[in-house]
Each structure stands twice: as C-alpha cells, then as structure tokens.
Amino acid sequence: MGARSTRRVVASVGATLLAAAVLAACGTGQVGDTGTSGAAGNKKLVLIPGVKAEPFYISMQCGAQEEARSRGYELETQPPDRFEAALQTPILTGAIANRPAGILIAPTDDRAMAGPMKQGRDAGVTMVEVDTALQDTSIAVASVSSDNEQGGRKAAETLATLVGDRQGSVLVLNTIAGTSTTDARAKGFEQEIAKHPNLRYLGAEYTNNQPAEAAQKVSATLSANPDLIGVFATNLNTGEGAGTALRNAGRTGSVNLVGFDASPKQVEDLRNGVVQALIAQDPATIGRRGVEQAVNAIEGKPVQRRTQTDLVAITGQDMAANEQYFYRTQC
C-alpha cells in the first residue's frame with residue numbers, strides 16, 4: 001500500500017476513534033452534563049451519614065436499608081470517621097463518581113458541603129438531605145429531619161418542670177457552628193426558656209463536638225456561676241462531656257442535665273441518674289422517609305420538599321414506656 005493510501009486509512013481510523021470517544025464521553029455522565037442517574041436499571045443508593053459508629057446514624061441506616069429493600073433498591077453506607085466537612089467531602093465526591101441513582105447525606109456543614117453536593121446534583125444524581133441540611137435549599141430535592149426547634153423547646157420545657165420554681169442559671173452546650181440541627185435545638189431552647197423568669201439563660205457554648213471540650217466548658221461555667229441549675233446538651237458528645245464534668249464536681253442531680261438523643265450510653269446515664277431527661281429523635285423513620293423521597297424523585301413521582309419527624313421527652317419515670325425510641329448499635 002502506498003504512503004498516501006496509508007495516510008487516508010490512518011485518518012479514517014482516527015476519525016472513527018474520535019467519534020467513538022465523543023459518544024462514550026456523552027454517556028459517562030460527567031459533572032455538568034444533563035444525564036440522569038435515575039435511568040432504568042439503576043437501583044443504587046448511597047447513604048453518607050454525619051459520622052461513623054454513632055447509634056443515631058446506625059438507627060437511621062437500619063431504617064433506610066429496610067425501605068430501600070422494600071422498594072427494590074440497594075443501599076450502601078459510607079460514613080466519615082469524624083463529623084467534619086473535610087472528611088465527608090471526599091466520600092461524597094467518590095460516591096458521585098460511581099453514579100448511583102441517589103445519595104442521601106447528612107451535610108456536616110450547612111455551607112461548606114454546598115459545593116460538593118451541587119456537583120452531585122449537576123451530575124444527575126438525586127440528592128436528599130437527612131438529619132442536617134444546607135442553607136441553600138436549591139440543591140437537594142428533599143430534606144428529612146427531626147423538628148429540631150421543637151426538640152429544643154421540649155428540652156427547655158422539661159428542664160423547667162424538673163427545676164420547678166427554684167431559681168438559677170442554665171447553659172446550652174452546642175457542637176460546631178454551622179451544624180443546622182444543633183443550632184436549631186439551641187434556638188428552640190432559647191425561645192422557650194425565656195418564658196421562665198426564674199431561669200437565667202447563660203447562652204450557648206460550642207464544643208467542637210468533643211466530650212472533653214464539653215466537660216471543660218461545664219467546669220468553667222460551674223466556677224463562674226455557682227447557681228448553675230440546668231444544662232441542655234444538644235447531642236451525644238456534649239451530653240457525655242457534661243455528665244463527666246458534673247460527676248467530677250459532685251453536682252450530679254443537683255444540676256439537671258437534659259440530653260439529646262437516646263443512644264445506649266445516654267439511656268444508661270438516664271437510668272443511673274447522671275442525666276435527668278433525654279429528648280429522643282426517630283432516626284429510623286428519618287432514614288425510611290429519606291429513601292422514600294429519593295426513590296420518588298428518581299422514578300418521577302411527587303416529592304415532599306421538607307419532612308419533619310416528631311421527638312419525645314423521656315425521663316427516668318417513663319423509660320419503659322418509650323423503649324421504642326432507644327437507638328440501635330447494629331442493624
């Protein structure tokens with residue numbers, strides 16, 4: 001074959017390969033394309049909780065798995081080691097690259113996670129928020145969480161009942177600024193506690209979601225405010241730290257501790273009198289409703305943009321009647 005003929009064949013093959021590459025790229029669903037991950041046959045969902053090995057998120061996973069199976073979907077759970085946007089982001093981007101039909105995520109920062117979640121939406125992956133939520137409501141198709149302001153109000157009401165007409169100061173232990181759920185709990189508590197003039201609200205202290213830091217905050221508050229009569233801990237870690245500080249100071253029981261959530265450790269603390277009340281969520285229902293909304297969106301069915309689940313206040317006197325709200329450590 002002559003050189004000119006060879007060049008023509010090479011050019012023809014090159015053009016064919018280029019066209020094939022372009023067609024292949026169009027089908028890969030790169031970030032920013034208009035493809036949809038909800039195509040027929042894609043039955044994969046990913047749940048990205050806020051943190052690994054926390055009973056709240058394990059209970060959520062259990063509910064999500066049950067709902068996914070009942071609808072013919074597979075659900076994989078990929079939690080970060082700590083409740084941090086820097087650790088959750090690479091997990092999310094990796095999940096997006098595998099193009100599941102939908103991702104359920106508890107964003108660990110209501111602003112920092114917006115960019116990575118938008119990448120998922122732009123890649124055609126259905127995004128659903130569970131537990132926590134972004135400030136930007138345009139990215140996820142649905143958001144499912146507890147009514148956290150209601151939870152904060154219940155905490156204040158319960159604390160006021162425990163204290164009665166005694167006077168004293170009260171403290172809120174929050175986690176990390178920008179965590180939508182705990183910020184809402186603190187807001188609800190502040191609104192309700194203002195209705196009780198015998199209780200002086202000291203404000204909220206952030207603990208970076210670390211029990212040791214929560215213990216330090218409570219110890220410092222006890223020194224500065226000997227009349228401390230109540231503490232509202234907005235999650236598991238803050239409650240654990242508060243309990244440690246009160247035990248070390250010999251103030252267990254005299255300072256009423258109201259915790260949030262009902263993990264095995266918290267339930268044990270309630271049973272032993274370290275904690276006087278717990279505000280329990282229903283994480284399994286959050287997981288089920290999250291999958292429900294994700295599948296509805298994937299299959300083109302009506303979606304409820306915001307779903308809020310109820311909470312219940314549990315004291316030592318009514319523990320037995322509320323066992324269904326205790327969180328699980330495995331599915």
Identify the two heavy atoms, one from [X] and one from [Y], that lie closest to each other, and give their separation to 0.1 Å.
X	Y	answer
N42	R99	ND2-O, 3.2 Å
A133	S143	CB-OG, 3.6 Å
V255	G230	CG1-N, 3.9 Å
I279	A313	CD1-CB, 3.8 Å
T158	A277	CG2-CB, 3.5 Å
G290	V128	O-CG1, 3.9 Å

Interatomic distance, [X] atom [atom1] to [Y] atom [atom2] [nearest 0.5 angstrom]:
X	Y	atom1	atom2	result
Q119	M127	CD	CE	10.0 Å
E240	D269	CD	CG	8.0 Å
Q61	I286	CD	CD1	14.5 Å
L270	M319	CG	CE	4.5 Å
L92	M113	CG	CE	5.0 Å
T179	D131	OG1	CG	9.5 Å

Quick one: are [X] and [Y] in side-chain contact, heavy atoms under 4.5 Å?
X	Y	result
T108	E84	no
L228	L202	yes
F56	L236	no
K118	L134	no
L45	P100	no
Q266	V275	no
V291	V295	yes
L47	Y57	no

With hydrophobic residues grouped by side-chain heavy-atom distances under 4.5 Å, do [X] and [Y] end up in a single group?
X	Y	answer
L87	M117	no
V141	L75	yes
V231	I314	yes
Y73	M60	yes
L173	L246	yes

Inspect the surroundings of [atom1] in [X] and state if more than 12 heavy atoms from other residues, nucleotides or ligands are less than 6.0 Å away.
X	atom1	value
Q330	CD	no
R247	CZ	yes
Y206	OH	yes

Charged N to carboxylate O under 4.0 angstrom, [X] versus [Y]?
X	Y	value
K43	E299	yes
R288	E66	yes
R71	E67	yes
K187	E149	yes
R200	D227	yes

Sidechain-backbone polar pair: [X] side chain, [Y] backbone, donor-acceptor under 3.5 Å:
X	Y	result
R185	T234	yes
Q78	V46	no
Q304	A142	no
S59	R328	yes
E74	K44	no
D147	D310	no
T238	A214	no
D318	T315	yes
E129	I139	no

(request) I would like to know whether N98 and E76 meet side-chain contact (heavy atoms from CB on, under 4.5 Å); could you show each step before the answer? (result) CA-CA 12 Å; N98 289 326; E76 180 181 0; over 6 Å; no
(request) Quick one: do E268 and R271 satisfy salt bridge (charged side-chain N to carboxylate O under 4.0 Å, His left out)? Show the steps, please. (result) CA-CA 5 Å; E268 188 63 22; R271 184 173 287 113; 3.2 Å; yes
(message) Looking only at the side chains, is there a donor atom on one of E213 and T207 sitting less than 3.5 Å from an acceptor on the other?
(response) no
(request) Assess the side chains of N148 and S146: does a donor N or O sit below 3.5 Å from an acceptor N or O? (result) no
(request) Please work out which of the three classes, parallel, tilted or perpendicular, describes the rings of F232 and F189, given edges at 30° and 60°. (result) parallel
(request) Tell me, with the steps shown, if H196 and V163 meet side-chain contact (heavy atoms from CB on, under 4.5 Å). (result) CA-CA 11 Å; H196 303 275; V163 169; over 6 Å; no
(request) Have a look at N235 and tell me which of D261, T182, N209, N174 forms a side chain to side chain donor-acceptor pair (under 3.5 Å) with it. (result) N209
(request) Apply side-chain contact (heavy atoms from CB on, under 4.5 Å) to the pair Y201 and V172, showing each step before the final yes or no. (result) CA-CA 8 Å; Y201 180 52; V172 168; 3.7 Å; yes
(request) Using the side-chain contact (heavy atoms from CB on, under 4.5 Å) rule, take Q216 and S219 through it: C-alpha gap first, then chi angles, then the decisive distance, then the call. (result) CA-CA 5 Å; Q216 292 169 0; S219 296; 5.7 Å; no
